[in-house]
Protein chains: 2
Amino acid sequence: MILKSQVEWALHCCAILAGLPEGRYLSTKALAELHGLPKEYLSKALQSLSQASLVDTTLGPSGGYRLARSPSEINFLDIVEAVEGKARSFTCTNIRENNPCRPAGYCDSKPCAVARIMWEADEAWRDTLRRVRLSDLVGILSEEVRPDLWQSTFEWVLKRAG
Amino acid sequence: MILKSQVEWALHCCAILAGLPEGRYLSTKALAELHGLPKEYLSKALQSLSQASLVDTTLGPSGGYRLARSPSEINFLDIVEAVEGKARSFTCTNIRENNPCRPAGYCDSKPCAVARIMWEADEAWRDTLRRVRLSDLVGILSEEVRPDLWQSTFEWVLKRAG
DNA sequence: GTTTTGCGGATATTCTGTATCCTTAATTTG
DNA sequence: CAAATTAAGGATACAGAATATCCGCAAAAC
């Protein structure tokens, strides 16, 4: 059970977009360079964010991406699900139906108990991610990243933001 | 991010083994028939349980598997990790190191903040599974499964348990 | 009109999960 | 002792997903 690497990419990209001044856009090219990622493939991750309405886009030179909402209105789960999908990690195939002792026409009153427990864990995972806002991440980074790197990165980004 | 179907199989098999009388074994063949699963492949899942010391095995006719500990001393995470592995669902590739603005020799004081948050969610998932004991599952099933099916399944199993 | 950009489709490659088969060694049964 | 049954592990094949690249299209900037 491993998340796509695109999840990591999308989170880091959103953190950068969160620092962008109002109304400006950053291109796939710039985001790929900044993170050392394959531009074409990163583009797919950003398209997922766009389809989930987490980012706005604009075409042409000076085009690119910006957040569609404020960083405090976007949480980790929004981003993770946009890229990874909303499917649960555990899929119940209802193998209890194969029990040879089942009477004909036996009908289960509830979803399988095993599945319910696994889904509960899934929900705990989602809850944790839902509780962390993109603005929280930016807050942590602004405290942890050395000020000189923080500032030079911002300048680098602004130079490329349309 | 999808768990192997073997996880589902292993959980259901453990639930059956939990109902086995002291000292008796149930074979792969019986477990595969009961759940309608491919015997050879289910065998791999059971081998994983064996390697994790969750079950004891014995060879020969009347051989098979039994729980190595009491159902109240085995939790969901034990079983899930035995089959799925203990690796975290989010792997940090440290893409921040690719930042072109990084001064030479820059050293990070902590693991990446993005990774820490994702790992926290992972831990919440694990905690939930850790809190559910195999005996809890058996308790739920014994209440939910219709008594006639519950009993006939047990008879079916006992007839095949060596 | 030329360049740059996001978007979607098509394709190739690698890796993992799924599944089957076979051999070996241990154990029970007759 | 001989035959049957079992778990264990290795080899192999197959399918689908993740990773990655390339192309053409339409929109926007200059």
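Reckoned from all heavy atoms, side chains included, excluding hydrogens, waters and symmetry mates. So that the names make sense, note that chain A is the first sequence line, chain B the second, and so on, each numbered from 1.
Near DNA chain D, meaning a heavy atom under 4.0 Å away, the residues from residues 48-60 of chain A are A/Leu59, A/Gly60.
Using a 3.5 Å distance cut-off with no hydrogens or angles, the side chains of B/Thr93 and A/Glu8 do pair a donor with an acceptor. A side-chain donor-acceptor contact under 3.5 Å links A/Asn94 and A/Arg96. Counted by atom type alone, B/Ser48 and B/Gln6 present zero donor-acceptor pairs between their side chains at under 3.5 Å.
For the OP1/OP2 pair of D/dT21 and a distance below 4.0 Å, the side-chain nitrogens and oxygens of A/Tyr41 include no atom meeting the criterion. The phosphate of C/dT28 has neither OP1 nor OP2 within less than 4.0 Å of any side-chain N or O from B/Ser62. The shortest distance between the side-chain N/O atoms of A/Gln6 and the OP1/OP2 oxygens of D/dA18 is not below 4.0 Å. An OP1 or OP2 oxygen of D/dA29 is reached within less than 4.0 angstrom by no side-chain nitrogen or oxygen of A/Tyr25.
Closest to the side chain of A/Trp9, out of D/dA18, D/dA20, D/dC23, is D/dA20. With C/dG6, D/dA8, D/dC22 as the candidates, the nucleotide lying closest to the side chain of B/Tyr65 is D/dA8.
If you check every strand for non-hydrogen atoms under 4.0 Å, B/Gly64 touches sugar and phosphate atoms only. Among the atoms of the strands shown, only primed sugar atoms or phosphate atoms (P, OP1, OP2) are found under 4.0 Å from some heavy atom of A/Ser5.
A salt bridge links A/Arg69 to A/Asp78: at least one charged side-chain nitrogen sits closer than 4.0 Å to a carboxylate oxygen.
Side-chain contact between B/Tyr65 and B/Leu17 is present, with heavy atoms from C-beta onward closer than 4.5 Å.
Contact of B/Lys44 with C/dG17 (side chain to base): no donor-acceptor pair of N or O atoms is detected under 3.5 Å.
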What pairs of donor and acceptor atoms, side-chain ones from residues 153-162 of chain A against any protein atom, are under 3.5 angstrom apart with sequence neighbours left out?
unit_1, atom_1, unit_2, atom_2, d
A/Thr153, OG1, A/Leu149, O, 2.7
A/Thr153, OG1, B/Asn99, ND2, 3.0
A/Glu155, OE2, A/Gln151, NE2, 3.1
A/Arg160, NH1, A/Trp156, O, 3.0

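Mapping A/Pro61 and A/Glu84 onto DNA chain D via the closest heavy atom, the residue that lands nearer the 5' end is A/Glu84. Residues A/Met1 and A/Gln47 both approach DNA chain C. Their nearest nucleotides, taken by heavy-atom distance, put A/Gln47 toward the 5′ side.
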